[in-house]
Every structure is written in C-alpha cells, then in structure tokens.
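Everything below concerns the one structure shown next.
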Amino acid sequence: MLPSSINWSVVVIFAVVASACTNTPVFGQRSSLYQRNEQGAIPLATSSLTYREVLPPKKIQLHDLITIVVIERSQSSNSGEFDGKKNATLDAQLKSWFELDGLNLKPAPQADGDPRVNGTYNNQFRAEGELETRQALQFNITASVVDIRPNGNLVLEARKRIRHNDETLEASVAGIVRPEDINPGNRVTSDALAEPMIELYSAGHVRDSYRRGWLHKAYDRFAPF
C-alpha cells in the first residue's frame, strides 16, 4: 500500500520528464481498435479487412497484344428546301448579213425581210428533302503494338478476316493510345484512340441483297432529274 500523503501530480510530472529524456514515446489510454504507426497514421493494410494490394501497372512492350473494344454510334439529321423561279424574254432581229463572193465579203440582200426571233421562257423548280441516319458499330478486335512514340504513346494496328461459306467480313482498326488508358486486362475502348481509322467491309449474298448497282450510283451522283 502506498502512503496517501504522496503528491501524485509530482509523480506524473516526474514520469513525463523521464520519458522525454529516454526518447520513449508515451501513449495515453485509447479505446480505438485501429493500430497507429510511429507517425500516428492508421495503416490501411493492417486496418482494413477488404484491403488488397494494387499491383504496379505492367509495362507494355513492342508487339504486345491489346484488345480494342470498338463501340461507335452516330446519328445525323438533315433537311433542306429549295424554291427557284426563272423568267426570260428574248426579242432579236437580224438587220444585215454577209455573203462570200470569191475571196471578198459583201452585204447579202435579205429578200424576205429581216429575220426576227421573239419568245418568253418561264421555269419554276421546287424541291424538298429530309435525311435521317443512325449507325451503330460494336465488335472486339485484338491489336498489336507496332510502335512506341518518344512520349510513351502506343501505336496500335489490328486486322481481322472472317470467311463463312460465301460470306466474308473484314475489319481493320488503327490508332494511338496512352498507356494509362489501357486497363489491367489489356483492353481499351475505341473512344480512347487518337487518329482512329476503323474500317469494316463485308461481301456475300447478304451484302448483295441491299447494295446499289453502278447505274444506280451514277444516277444518284449526277441526278439529271
């Protein structure tokens, strides 16, 4: 049993001074379940039950394979109206003419009088047009890293050719992408590509069922009527 006459405030001050002299940290009593490190911060790795260490991003090398998810959608709407009207009046009369006499030119007599032309031309044209288009393109294609720019950007190129009986489908994609836009699964969406070139070509019975012939194309191009 300690005597009741001890001055506890003096004891506490003495303990604090002794701790400071020995550079030993003194922690007060706390009810938190989190463990703090020497700087007083709470380490996430030892405090969270769902913590998973994030691996550093993989360095992409030349000729590595990257999957490009092509998702392209476009919509356009155009309308136009044209109304034209043209009127012309012609009134012309030939007062004199000439004829060739050997190597000489001389006035030619007009026994039936001076020829005269008189007429009126009226033309009216009206046209209305409206066009609305919607396009959607979605497919996956694996590209190869064909070049690495000095700033680290990657140049991707991909080609795919599918042939089934008489049907043929060819796709090609090219563009430039930043390494940080590529997810850990080596996939990138087409909207992250700079200078994208996306081409899709099909041939076969399905394509022949709706493609226009050369005469139809020429008619639409020159539109004579």
Side-chain angles (χ1 to χ4, degrees), residues 44-45 48-84 125-225:
L44 183 61
S48 175
L49 299 178
T50 60
Y51 173 79
R52 295 185 63 182
E53 183 179 359
V54 179
L55 299 177
K58 177 184 176 182
K59 185 177 181 181
I60 300 177
Q61 305 290 338
L62 199 63
H63 305 305
D64 281 355
L65 300 181
I66 307 296
T67 300
I68 302 177
V69 182
V70 179
I71 302 176
E72 298 291 334
R73 292 182 176 86
S74 62
Q75 180 177 354
S76 62
S77 179
N78 298 315
S79 61
E81 181 177 347
F82 176 78
D83 190 357
F125 180 78
R126 181 179 179 88
E128 295 182 1
E130 185 173 351
L131 174 65
E132 182 175 355
T133 60
R134 295 182 181 179
Q135 296 181 355
L137 186 64
Q138 183 172 351
F139 62 93
N140 294 350
I141 189 170
T142 301
S144 176
V145 180
V146 298
D147 188 22
I148 300 179
R149 298 290 174 84
N151 60 357
N153 290 341
L154 310 174
V155 181
L156 305 181
E157 287 187 3
R159 292 181 178 87
K160 177 188 288 188
R161 187 173 188 267
I162 302 175
R163 183 177 179 87
H164 179 67
N165 294 333
D166 294 333
E167 303 297 325
T168 301
L169 178 64
E170 295 182 3
S172 63
V173 180
I176 304 173
V177 67
R178 298 176 299 182
E180 55 267 26
D181 292 333
I182 300 176
N183 64 23
N186 278 4
R187 298 170 71 91
V188 63
T189 56
S190 60
D191 57 356
L193 297 179
E195 302 178 13
M197 292 185 294
I198 303 174
E199 296 181 359
L200 189 64
Y201 170 78
S202 61
H205 295 300
V206 177
R207 175 70 175 91
D208 294 340
S209 64
Y210 64 85
R211 75 178 182 90
R212 297 181 302 162
W214 64 269
L215 184 59
H216 194 179
K217 291 180 180 179
Y219 178 83
D220 290 342
R221 179 178 180 83
F222 297 103
F225 302 102

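Quick caveat: nothing in here was measured; it's all calculated off a predicted structure. The first residue in the sequence is number 1, and the count goes up from there.
- Counting heavy-atom neighbours within 6.0 Å of Glu195 CD, excluding the residue itself, gives a total of 12 or less.
- Closest of all the heavy-atom pairs between Pro179 and Gly152 is CG-O, 3.1 Å.
- Shown here are the side-chain hydrogen bond (donor to acceptor under 3.5 Å, both in side chains) partners of Gln61, two or more places apart in sequence or in another chain: there are none.
- Partners of Thr142 according to the side-chain hydrogen bond (donor to acceptor under 3.5 Å, both in side chains) rule, which considers only residues two or more places apart in sequence or in another chain, do not exist here.
- Here the side chains of Leu154 and Ile182 are in contact, with some heavy-atom distance below 4.5 Å.
- Smallest separation of non-hydrogen atoms from Ser144 and His63: OG-CA, 3.7 Å.
- Here the side chains of Val146 and Leu156 are not in contact, with every heavy-atom distance at 4.5 Å or above.
- Sorted by first and then second residue, the pairs that involve residues 151-162 and meet side chain to side chain donor-acceptor pair (under 3.5 Å), not counting sequence neighbours, are Arg161-Glu170.
- Scanning for side chain to side chain contact (heavy atoms under 4.5 Å, CB included) contacts around Gln138 gives Ile71, Arg73, with sequence neighbours left out.
- The closest side-chain heavy-atom distance from Ile148 to Leu62 is below 4.5 Å.
- The distance from the CD1 atom of Ile68 to the CZ atom of Arg187 is 11.0 Å, given to the nearest 0.5 Å.
- In this structure Asp83 satisfies the side-chain hydrogen bond (donor to acceptor under 3.5 Å, both in side chains) test together with Arg126, sequence neighbours excluded.
- Within the model, atoms OG of Ser79 and CD of Glu128 stand 10.0 Å from one another, a figure rounded to the nearest 0.5 Å.
- For Asp64, there are no side-chain hydrogen bond (donor to acceptor under 3.5 Å, both in side chains) partners at least two apart in sequence or on another chain.
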CA sep, side-chain torsions, deciding dist, call: Leu193, Val173, side chain to side chain contact (heavy atoms under 4.5 Å, CB included): CA-CA 10 Å; Leu193 297 179; Val173 180; 4.1 Å; yes

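- The residue from Ile66, Leu65, Val177 that alone fulfils the side chain to side chain contact (heavy atoms under 4.5 Å, CB included) condition with Ile60 is Ile66.
- Note that OG1 of Thr189 is 9.0 Å distant from CG of Asn183, once rounded to the nearest 0.5 Å.
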